[in-house]
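Single-structure report; data block below.
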Amino acid sequence: MSPAKTPAEILDVDGHEVRVTSPDRVVFPEPGLTKLDLVRYYLSVAEGALRGAGGRPMVLKRFSKGLDQEPFFQKRVPEKHPAFIDTATLRYASGTSAEETVIRDAAGLAWVVNLGCLDLNPHPIRAEDLDHPDELRVDLDPMPGVDWTQIVDVAFIAREVLHDHGLVGWPKTSGSRGLHILVRIRPEWEYADVRLAAETLAREVENRAPGLATARWWKEERGESVFVDFNQNAKDRTVASAYSIRPLPDARVSAPLTWDEVRSRRPEEFTVLTVPERFAAISDPHAGIDDAAGSLDALLALAKALGPAEKPPRGSDGSGRRASTMPLIEVARTKTKPEALDALETWKARHPEAGAALHPADVLVDGMRGSSSLWYRVRVNLQHVPDAERPAQEQLIADYDPWAGRSGS
């Protein structure tokens, strides 16, 4: 973030002193929201935000260079952190570890926002038990061309599957285009079992709503459907928690809903400007979530009944890599999303006939996790382009290397 142009503001938050630097710096130009406005937003919904993120290790997603620049992801807690910030040491499959931030009160919320965090990204575990998640996360991720009504239809099917297997789902807007359904579970299962249960849920939703929903992990195979993203339950994955501010121009918020609201409300209704009044009026729709922890036994029994999920074929080049069943070509790898979209338009200009034949879900612009920030890969699925008119794989229009200059890259 840019150097301070105004004196820091010192807040007393429940007896803790929190220093907010550059309080008047505008973070969201469209609604005119300053950094101090964002701190005050989180303090106004602190009870709900802490219900989602409090007591959990979190990755700090810091927009230190502003909203129009890619954030960087910081696993390790800053060395100089106040006494009211707790920590937990997470160990990863790679053999590395990191002492991550754990917030437990409103002062902690204000402190992470001052670091440049907009959304809160906690792990699905408590700091007291790092091996057994207490939350299964259902991420309904619409492919391009999918409208809100289809997402809602899939959400109610997911609710039905959860109910049939003894679990309670708590819906919230993702703060972008999709919906999240949070499911509290007893912390009795390891990550692998939780992910298997989530994958089984996704497969059953697809079985009940073929064409509307998909559990296919490979993006090019999903078509215009809602992907039930079970891999958000893999170890080390995080999801923006309830009341998180999302990095969209209107300062949209990931808002908890009641099931009665899911069909009638829209994501754009919930912003930093509107949610505090809603919270003051109705409190938190997820207030009972911690009292609804359930068992994964029924979903894991269904996993056995369904058998292993279909695995993609492997290539014949000896690399062991997956062989796509779709005619994919790669267009570009870029540092930022605007660069990715520019590269896509360049490709379409070179191949106007092929570009005109593409369906919305044929364009694959993926944010890929680099060492500490996102980079973007652009691919095109030529399945709707006649064989004779399909462009061949060409040299990438842009070829950004997110690991260039790093040791061991």
Side-chain angles (χ1 to χ4, degrees), residues 1-56 58 60-68 71 78 81-86 101-122 172-176 240-257 267-287:
M1 294 184 175
S2 58
K5 296 182 179 179
T6 55
E9 181 121 359
I10 308 299
L11 302 180
D12 183 332
V13 183
D14 298 334
H16 297 298
E17 186 177 281
V18 181
R19 186 171 184 264
V20 180
T21 58
S22 304
D24 295 335
R25 184 178 57 80
V26 175
V27 180
F28 288 91
E30 189 174 292
L33 293 169
T34 66
K35 187 178 181 183
L36 185 59
D37 290 331
L38 304 188
V39 172
R40 286 174 172 157
Y41 159 78
Y42 272 112
L43 294 179
S44 73
V45 297
E47 179 187 350
L50 290 168
R51 185 170 285 115
R56 301 179 182 277
M58 65 165 53
L60 301 177
K61 182 181 175 185
R62 300 178 63 177
F63 288 82
S64 297
K65 296 182 180 179
L67 194 64
D68 57 347
H81 58 270
F84 57 79
I85 295 297
D86 203 351
T101 300
V102 178
I103 62 172
R104 297 190 181 274
D105 52 26
L109 285 170
W111 182 77
V112 297
V113 175
N114 183 60
L115 293 178
C117 297
L118 298 179
D119 43 17
L120 310 174
N121 289 269
K172 70 181 182 74
T173 64
S174 70
S176 182
S241 59
Y243 297 98
S244 285
I245 304 170
R246 305 312 306 275
L248 296 176
D250 59 358
R252 199 170 297 187
V253 167
S254 179
L257 304 174
E268 60 272 17
E269 298 179 50
F270 304 103
T271 71
V272 170
L273 295 176
T274 64
V275 167
E277 183 178 353
R278 167 183 166 86
F279 191 88
I282 68 170
S283 191
D284 181 14
H286 286 191

Which atom of P78 lies closest to which atom of L60, heavy atoms considered:
CD-CD1, 3.8 Å
Tell me, yes or no, whether the heavy-atom count around E268 atom CD, taken from other residues, nucleotides or ligands under 6.0 Å, exceeds 12.
yes
For the pair K61 (side chain) and L118 (backbone), establish whether a donor and an acceptor sit closer than 3.5 Å, ignoring hydrogens and angles.
no
Could you check whether any side-chain N or O of T101 sits under 3.5 Å from a backbone N or O of M58, counting only pairs where one atom can act as donor and the other as acceptor?
no
To the nearest 0.5 Å, how far apart are CZ in F279 and CD in E47?
4.5 Å
Quiz question: by atom type and distance under 3.5 Å, do the side chains of K172 and S254 form a donor-acceptor pair?
yes
Do R62 and C117 have side chains that get closer than 4.5 Å, going by heavy atoms?
yes
Heavy-atom nearest pair, V18 first then A110, reads CG1-CB, 3.8 Å
Check the pair F28, V272 against side-chain contact (heavy atoms from CB on, under 4.5 Å), reporting the backbone distance first and the verdict last.
CA-CA 10 Å; F28 288 91; V272 170; 5.5 Å; no
Taking atom CD1 of I85 and atom CD1 of I103, what is their separation to the nearest 0.5 Å?
7.0 Å
Between Y41 and L33, is a side-chain contact (heavy atoms from CB on, under 4.5 Å) present by the stated rule, with each step listed?
CA-CA 10 Å; Y41 159 78; L33 293 169; over 6 Å; no
Polar side-chain atom of N114 near backbone of T21 as donor-acceptor pair, under 3.5 Å:
yes
Rounded at 0.5 Å granularity, tell me how far CG in D86 sits from CG in D105.
10.0 Å
Between the CZ atom in R104 and the CZ atom in R56, the distance rounded to the nearest 0.5 Å is 11.0 Å
Check against side-chain contact (heavy atoms from CB on, under 4.5 Å), L120 and Y243
CA-CA 8 Å; L120 310 174; Y243 297 98; over 6 Å; no
Answer yes or no: is there a side-chain heavy-atom contact under 4.5 Å between L257 and F270?
yes
N121 versus D119, closest heavy-atom pair with distance:
ND2-OD1, 3.3 Å
Contact summary for G52 and P122, nearest pair of heavy atoms:
O-CG, 3.8 Å
Between T34 and P23, is any pair of side-chain heavy atoms under 4.5 Å apart?
no
Distance-minimising heavy-atom pair for P285 and P256
CG-O, 3.6 Å
Spacing of S44 atom OG and R278 atom CZ [to the nearest 0.5 Å]:
13.0 Å
Hey, can you pull the donor-acceptor pairs under 3.5 Å for the side chains in residues 8-16, sequence neighbours left out?
residue, atom, partner, partner atom, Å
D12, OD1, G15, N, 2.9

